[in-house]
Amino acid sequence: MSEPSALQYVTDAALAYLPQDALLEELLSRISEVLSADTAAILLLEDDEPGQVLRARAACGIEEEVDAGVAIPLGRGFAGRIAAERQALAIDDVDHADILNPILREKGIRSLLGVPLLVEGRVIGVLHVGSLSPRHFTDEERELLQLAGDRAAAAIGHAKLHTSEISAREAAEAATRRLESLQRITDAALAYLPQDALLEELLSRITEVLSADTAAILLLDEQEHILRARAARGIEEEVEAGVTIPLGRGFAGRIAAERQALAIDDVDHADIHNPILREKGIRSLLGVPLLVEGRVIGVLHVGSLSPRHFIDDERELLQLAGDRAAVAIEHARLYEQRRLAEALQRRLLPSNLGGIPGIELASRYLPASGESLGGDWYDVFPLGRGRIVVAVGDVVGHGLAAAAVMAQLRTALRAYAADRHPPAEVVARVNHLMWNLGPTAMTTLAYAVVDPDEESLELVTAGHLPPLVVDRGGAASFLPLQGGIALGTTRVARYESRVHPFPTGTTVVLYTDGLVEVRGRTIDEGLDRLRAAAATGHSSLEALCSGIVERLVPEQRPDDIAVLAARVRPQPERLSASWPAHRESLVAVRQLLRRWLRARSATEDEIYDITVACQEACANAVEHAYRPGRESFEVEATYADRRVRVTVRDHGRWRAPRGSNRGRGLPLMHALMERVDVEHSEEGTVVVLERTLGEEDA
Amino acid sequence: MSWLARVTEERHGDVAIAVVDGEVDASNAADIAERLRQLLTNRSAALVVDLSPTSYLDSAGINLLFDLGTELGDRQQQLHIVVPPAAPIARAISFTGLDIAVPTHATREAALEQATR
């Protein structure tokens, strides 16, 4: 083989595209062939303790060199000198030379020729060839080897550069993936998922990121000191089977108890408590504690079905994921509790204050800053004979516990009131009930029964501030302080009830202490401000409540606030209202008509007669004209020259009353009123009833 | 609407007394009829419905008392009603003839005397 072609052969550009190992092997094989050498080896310079060494990287004929990982210090022995002196070196007789590498001798190499591998003047290694028979390498052969070495060095350098480029790119990609992994696990959007969905999504992302086969989250039950499988992926049986792990025992138990990450490379030889892990064929495990503010709330672990050694990076990544999961779980847990409590409280507060005829109502509930709700509560409900109950309470504490007490307070108050106990007795009974519920049920309460007919307000307070009363002229004053111990503080307590005048048009404002208590100021100051805010004339109770909130409630509230205002509407000269066509409307119509008639100075007999007659007409509208609840009917009442005229109008089809005892309505109307007109038309039925007040009889 | 009227029970021998406190209209008449029927056992000779504290009664309540009277009559049991003559509801009871169909008394004592005779 001629030199140029031989040279061409060893420096073939196509070699550059081989992976480095293959490239070196191919080079050595070609060099041995070209130089008819028995062995060839490439040693590359490496940084090693204590200094630079040459390490066999590829060999041909003396493969043992590579396998044994022989390292030659720079400057020593055959190759060491070549690299240190950056010069070619030939040894005709190995026996009489300084040869460091025992393998060369053992192989029976007799002569050696070596050249430095130089890239841009820098030594990167040594290339040498050997002969098993004594041989003198010629200058031409030395030059050829050097040329081959130069080209080889360039190729190696290129490949090395290429490799480092690849590894740099790979490192960058890995870093990016890691960052992406972290972002996938710590994605803020996860926080908005319901807890179950959040945990599942987290596990799915963690298994993907760590290429794990299984993942599970166990949450700590602090009361029972056990870990309970809460969510799992790949080992769903864990959750389905309701697996529990005692704190301190087994893999997860130890992680939680020791608050430390734990890796198990070989499950077979470890203390594993959970049989499902073995049954599933999990071979290696990595787990981290879930910590919230230093408190263990659970354990997150991943598993592998093939034996695997989890590296520090993976442990760190899992811990990061765990930290994030812990915060998310805690967040979701708090959110869930808050949502529940809010939903409960919303249900406890009357949703519609417009339902009581002749009574104007308005309310505000403002949670404390940073909290979703506290223990403030209010209620409004009818009590019969036109009376209504307005009540405001303040349960000690907040959150779910307070909401639960509110629920009982509300039910108890409504039940005892419906049983027709006098107000003081209602409150005393509720006190007894609250006492039995325990110390968390301590509650203050203002309970007032408004009687529009008697124009009175009967009040009972239990450790609560006195309500404010605003008269029709806008003058505001507090009802006298009445005493009465807070509910739930003693087993048996007596409560005083006081009846106050409450003329039509007067407003009563009930509130909780958060409204008048301002840090650094006395309660009296707060009460004065409330009185001043309420006194500045308001067209409606909505406006009154808005005014009070605007003037008294600061941006930052340490406590929650409830305000409830009620007023008996003055009776208009002409009564006109529309009602939904169902039976419950009858009571409301009756109460309104009664008050309207009373304001016209009708006697009790007259009120009863006219009310019954009107009700019979309304009952027809409700029962016969429609299927229930589908439509509405109107009632209009006018008064002129002592004559009352009531008109009931519906939009349905008149149906004759059926049944033997069903036809009494119409005769009753005729008996009770002076004039009864019933007109049917396509549009519906109009009943007109008239009666003169002050006559002996109808 | 439980707050509209309340029915309380008393016993006087084998006579059941039901006191109806509040208002009876089409919205609660069926519930009250049910309550009254529950007070009657097979052993009861009579039921006295005391309407003294009844502040409102219209044809819905009157119909229920007519029905109840017929029902009890069929079972050889008596229904008696107590209505103070001055009460507003006395007029409707009189107009509809309920006081003729069902023995009506001014006081509970009078009713009991009749019922236990």
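A note on names: the letters A, B, ... follow the listed sequences, proteins ahead of strands, and every chain is numbered from 1.
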Open item on the list: Under a plain distance cut-off of 3.5 Å, with no hydrogens placed, do B:His80 and B:Gln78 share a side-chain donor-acceptor pair?
Closed with: yes
Open item on the list: Using heavy-atom distances under 4.5 Å, tell me whether A:Leu383 contacts chain B through its side chain, its backbone, both, or neither.
Closed with: backbone
Task: Separation of B:Asp58 CG from A:Glu616 CD (nearest 0.5 Å) - done: 4.5 Å
Open item on the list: On the six-membered ring of A:Trp596, is A:Arg600 placed so that its NZ or CZ lies under 6.0 angstrom from the centre and within 45° of the ring axis?
Closed with: yes
Task: B:Ser27 versus A:Glu584, side-chain donor and acceptor atoms under 3.5 Å - done: no
Task: Heavy-atom contact with chain A under 4.5 Å, split by part of B:Leu57 - done: both
- [ ] State which residues pass side-chain hydrogen bond (donor to acceptor under 3.5 Å, both in side chains) with A:Glu455; sequence neighbours excluded, sorted by chain then number.
- [x] A:Thr504
Task: When B:Gly97, B:Ala92, B:Pro88, B:Ala87 are compared by non-hydrogen pairs under 4.5 Å with chain A, the top option - done: B:Pro88
Open item on the list: Let's test your reading of the structure: which of B:Thr8, B:Asp25, B:Thr96 forms the most heavy-atom pairs below 4.5 Å with chain A?
Closed with: B:Asp25
Open item on the list: Quick check on A:Arg414 against chain B: is it the side chain, the backbone, both or neither that has a heavy atom closer than 4.5 Å?
Closed with: neither
Open item on the list: Under 4.5 Å from any heavy atom of chain B, what part of A:Thr611 do you find: side chain, backbone, both or neither?
Closed with: both
Task: Donor on one side chain, acceptor on other, B:Ser52 and B:Asp50, under 3.5 Å - done: yes
Task: When A:Glu606, A:Glu604, A:Gln615 are compared by non-hydrogen pairs under 4.5 Å with chain B, the top option - done: A:Gln615
Open item on the list: So for A:Arg387, is it side chain, backbone, both, or neither that comes closer than 4.5 Å to the heavy atoms of chain B?
Closed with: neither
